[in-house]
Amino acid sequence: MKRLMLMCSLVAAMACGSGEPADPFAADMKMICGAGGRDDVPPEMRTMMAMQEIAEKIKTPEAARLMAAVAQAAPSERAELVKPALAKAGLTRCRLFD
């Protein structure tokens with residue numbers, strides 16, 4: 001009986017997980033869109049802080065390629081560039097590129 005209860009507890013814990021998406025790319029996109037630095041610094045510094053945070057935390061090659069493309073794109077083209085990635089990750093907007 002104790003063994004059954006332990007197994008049920010383990011299965012329940014695995015099902016709940018850490019609250020992150022099961023898709024690593026979606027998790028990366030959520031992290032990218034949540035990055036933004038502190039509000040008490042100028043906007044230019046916030047963007048730089050966000051990019052540093054992203055570089056330290058990014059896990060998937062697909063998201064890394066996207067960020068490399070974004071870095072090379074003109075600022076006016078960035079929002080359009082990330083739209084397909086947002087859709088794939090199930091997100092509707094990204095604070096970093098608004």
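Values reported hereafter were calculated over all heavy atoms of this structure, with side chains retained and with hydrogens, waters and symmetry mates removed.
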Roughly how far, to the nearest 0.5 Å, is [atom2] of [Y] from [atom1] of [X]?
X: I32; Y: M51; atom1: CD1; atom2: CE; value: 9.0 Å
X: T47; Y: Q52; atom1: OG1; atom2: CD; value: 13.0 Å
X: L81; Y: F97; atom1: CG; atom2: CZ; value: 8.0 Å
X: M67; Y: T60; atom1: CE; atom2: OG1; value: 11.0 Å

*Looking only at heavy atoms, which two atoms of A71 and R78 are closest? And how far apart?*
O-NH2, 3.8 Å

_Within one Ile-Leu-Val-Met-Phe-Trp-Tyr cluster: V41 and M48, side-chain cutoff 4.5 Å_ = yes

*Would you please name every residue forming a side chain to side chain donor-acceptor pair (under 3.5 Å) with Q72, sequence neighbours left out?*
none

Under 3.5 Å, which donor-acceptor pairs do the side chains of residues 83-92 form with other protein atoms, sequence neighbours left out?
from, atom 1, to, atom 2, distance (Å)
K83, NZ, E80, OE1, 3.4
K88, NZ, E62, OE1, 3.0
K88, NZ, E62, OE2, 2.8

*Taking side-chain contact (heavy atoms from CB on, under 4.5 Å) as the test, write out the residues that go with M31, two or more places apart.*
D28, I54, K57, I58

